[in-house]
Amino acid sequence: MQNYDTVVIGAGAAGMMCAIEAGRRGRRVLLVDHAKAAGDKIRISGGGRCNFTNLHIASEKFLSQNQRFALSALARFSQWDFIGRVAGAGIEYHEKTLGQLFCDGRSQQIIDMLLRDMHDTGVTLRLNTSVERLSHDGSYRLLIGGEDIDAQSVVIATGGKSIPKMGATDFGYRVATQFGVPVVETRPALVPLTFAEQDLAPIKLLAGTSVFTSVSCGKTTFDEGMLFTHRGLSGPSILQISSYWRDGQEISVDLALNADVKSELAKARQVSGRKAISTALSAFLPKAVAADAVRRAKLTGNLADQSDAALDILADAVHRWTLKPAGSEGYRTAEVTLGGVDTDALDAKTMQVKAQPGLFFIGEVVDVTGWLGGYNFQWAWSSGWAAGQVV
């Protein structure tokens with residue numbers, strides 16, 4: 001039987017960060033993952049350039065039953081701390097939009113930095129290896145790849161259910177249930193929305209078209225790009241609102257955020273009345289999107305033919321397009337998983353289970369989910385760092 005101080009299960013962003021920090025404290029650390037390579041989600045993030053954090057980290061940009069839970073870890077290891085490590089490793093980066101930081105080069109640079117740090121701190125990494133059994137009897141006993149392992153502490157960093165083709169499983173939730181730790185209901189987040197066939201048919205005709213929009217659900221609104229697809233709606237604004245949308249709710253879309261369609265068309269009516277109404281509207285929207293808005297407003301003819309009331313109807317079709325999604329594309333394409341291990345069961349400073357000393361949950365498996373744009377990576381770095389100070 002091999003003995004370790006700490007076994008970290010899951011070699012993603014949170015798991016590697018935790019292993020590094022524990023290793024720096026002189027702990028004997030084993031990091032294990034069933035994947036063939038460490039950091040697969042890091043590798044595909046940001047189109048292969050890794051959106052590794054965001055300049056505007058704040059608690060209100062994270063969803064959780066206890067939104068304040070993440071504050072401790074995020075404050076003690078902030079975006080500035082991780083940016084410092086990136087810069088110290090000689091990795092060049094840039095801000096894209098809305099505070100999102102990306103590598104100038106490939107995502108592999110971040111993974112290589114973490115692998116070097118693990119090597120330098122003596123972390124043992126075992127990939128393509130499954131945890132077959134986990135129990136506790138004074139210490140933690142694990143069967144890993146057919147080998148018995150004894151450890152003082154175990155850290156679960158196995159992520160959520162999103163993107164199962166990359167090996168995502170419910171392992172972390174099963175461990176929580178095994179040890180009596182409550183789990184908040186999980187669902188896909190940061191995911192494209194889908195529609196019933198009668199609503200999807202006109203959307204499909206616009207597939208591939210994108211437009212800058214304001215998308216709302218309830219009291220939450222995001223102003224970002226939206227993409228029409230063959231399956232429904234996607235793009236940053238839709239991915240963001242998907243985390244707040246629930247079955248049966250409607251979303252509202254403003255297709256011309258920076259224009260007052262009624263006012264502008266009323267002015268144009270005085271000088272360009274012979275233009276077709278869809279042609280006039282295409283001054284503010286892509287041609288196909290303008291034509292669809294006119295269709296939904298049930299208008300025909302030239303601009304001069306439209307009354308003020310008709311322009312009101314068209315303005316509503318553009319600025320207040322209301323749709324009811326039938327669902328989402330699910331975990332298959334979801335970037336993250338909402339819900340997870342109940343934060344009430346965890347110590348916010350250490351990420352340790354209050355009722356089960358030596359058992360820790362970090363990263364996406366916890367009921368803390370960030371906005372699109374580097375927030376979830378920062379939660380991984382911060383929660384992994386916090387656990388790494390004590391395991």
* Asked: Can V336 be reached from V368 by stepping across I, L, V, M, F, W or Y side chains whose heavy atoms are under 4.5 Å apart?
  -> no
* Asked: So if you build clusters from Ile, Leu, Val, Met, Phe, Trp, Tyr with side-chain heavy-atom gaps below 4.5 Å, do V191 and V365 land together?
  -> no
Is the count of non-hydrogen atoms from other residues, nucleotides or ligands lying under 6.0 Å from [X] atom [atom1] greater than 12?
| X | atom1 | value |
| --- | --- | --- |
| R68 | CZ | no |
| R274 | CZ | no |
| K354 | NZ | yes |
| D104 | CG | yes |
| Q198 | CD | yes |
| E197 | CD | yes |

Distance check, rounded to the nearest 0.5 Å: [X] atom [atom1] versus [Y] atom [atom2]?
| X | Y | atom1 | atom2 | value |
| --- | --- | --- | --- | --- |
| L134 | Q178 | CG | CD | 5.5 Å |
| S72 | D347 | OG | CG | 8.0 Å |
| D292 | L205 | CG | CG | 8.0 Å |
| D81 | Q378 | CG | CD | 8.0 Å |
| R126 | I149 | CZ | CD1 | 5.5 Å |
| L193 | R231 | CG | CZ | 12.5 Å |

* Evaluate the criterion salt bridge (Lys or Arg N to Asp or Glu O under 4.0 Å) for residue pair D199 and K324; output intermediate values, then yes/no. => CA-CA 9 Å; D199 298 317; K324 182 178 286 188; over 6 Å; no
* Asked: side-chain hydrogen bond (donor to acceptor under 3.5 Å, both in side chains) between Q2 and E147: does it pass, once the steps are laid out?
  -> CA-CA 8 Å; Q2 288 203 50; E147 181 179 8; 2.5 Å; yes
For the residue pair [X] and [Y], confirm or rule out a side-chain donor-acceptor distance under 3.5 Å.
| X | Y | value |
| --- | --- | --- |
| T343 | D367 | no |
| T337 | T186 | no |
| Q306 | R269 | no |
| S237 | T213 | yes |

* To do: Begin from the C-alpha positions of E21 and R85 and carry the test salt bridge (Lys or Arg N to Asp or Glu O under 4.0 Å) through to its verdict.
  => CA-CA 13 Å; E21 291 302 308; R85 294 198 181 187; 2.8 Å; yes
* Structure fact -> With sequence neighbours left out, the residues meeting side-chain hydrogen bond (donor to acceptor under 3.5 Å, both in side chains) with D247 are none
Is the side chain of [X] donor-acceptor paired with the backbone N or O of [Y] at a distance under 3.5 Å, no angle test?
| X | Y | value |
| --- | --- | --- |
| T229 | G232 | yes |
| R187 | Y331 | no |
| R25 | Q389 | yes |
| N51 | G374 | yes |
| S107 | R49 | yes |

I want to check something: taking the side chain as every heavy atom from C-beta on, are [X] and [Y] in contact at a cut-off of under 4.5 Å?
| X | Y | result |
| --- | --- | --- |
| V8 | V32 | no |
| H56 | L98 | no |
| I44 | M166 | yes |
| M118 | T124 | no |
| L281 | L314 | yes |
| P192 | L239 | yes |
| F284 | E264 | yes |
| E335 | L372 | yes |

Strictly below 4.0 Å, N to O, side chains only: are [X] and [Y] in salt-bridge contact?
| X | Y | result |
| --- | --- | --- |
| D117 | R24 | yes |
| R133 | D148 | yes |
| K262 | D312 | yes |

* Residue pair E95, Q100: steps toward the side-chain hydrogen bond (donor to acceptor under 3.5 Å, both in side chains) verdict -> CA-CA 5 Å; E95 180 183 355; Q100 301 170 21; over 6 Å; no
* Asked: What's the verdict on side chain to side chain contact (heavy atoms under 4.5 Å, CB included) for L323 and V253, showing C-alpha distance, side-chain angles and the deciding distance?
  -> CA-CA 8 Å; L323 306 95; V253 179; 3.8 Å; yes
* In sequence, state the C-alpha distance, the side-chain angles, and the governing distance for Q152 and R27, and then conclude on side-chain hydrogen bond (donor to acceptor under 3.5 Å, both in side chains). => CA-CA 10 Å; Q152 294 177 18; R27 306 290 281 172; 3.0 Å; yes
* Check step by step if salt bridge (Lys or Arg N to Asp or Glu O under 4.0 Å) holds for R141 and D150. => CA-CA 5 Å; R141 306 292 179 88; D150 185 90; 2.8 Å; yes
* Give the C-alpha distance, both sets of side-chain angles, the deciding distance and a yes or no for side-chain hydrogen bond (donor to acceptor under 3.5 Å, both in side chains) between E364 and S162. => CA-CA 10 Å; E364 187 184 349; S162 55; 3.1 Å; yes
* Can you check side chain to side chain contact (heavy atoms under 4.5 Å, CB included) on L125 and L115, steps first, answer last? -> CA-CA 9 Å; L125 175 62; L115 290 173; 3.9 Å; yes
* Take L127 and L31 through the side chain to side chain contact (heavy atoms under 4.5 Å, CB included) test and state the conclusion after the steps. => CA-CA 8 Å; L127 297 168; L31 175 61; over 6 Å; no
* Asked: When you measure from the centre of the six-membered ring of Y375, is the NZ or CZ of K61 under 6.0 Å away and within 45° of the axis?
  -> no
* Checking R296 against W321: charged group under 6.0 Å from the ring centre and within 45 degrees of the axis? -> yes
* Asked: Please walk me through it: do L114 and W381 pass side chain to side chain contact (heavy atoms under 4.5 Å, CB included)?
  -> CA-CA 11 Å; L114 297 169; W381 312 133; 3.9 Å; yes
* To do: Fit a plane to each ring of W371 and F222, take the angle between them on a 0 to 90° scale, and name the class: parallel (under 30°), tilted (30 to 60°) or perpendicular (over 60°).
  => perpendicular
* Would you call the rings of Y93 and F52 parallel, tilted or perpendicular if under 30° counts as parallel and over 60° as perpendicular? -> perpendicular
* Structure fact -> Exactly one of V155, D33, L142, L30 clears side chain to side chain contact (heavy atoms under 4.5 Å, CB included) with I9, and that residue is L142
* **Audit row: K165, D40, salt bridge (Lys or Arg N to Asp or Glu O under 4.0 Å) steps and yes/no** => CA-CA 11 Å; K165 70 178 182 181; D40 277 343; over 6 Å; no
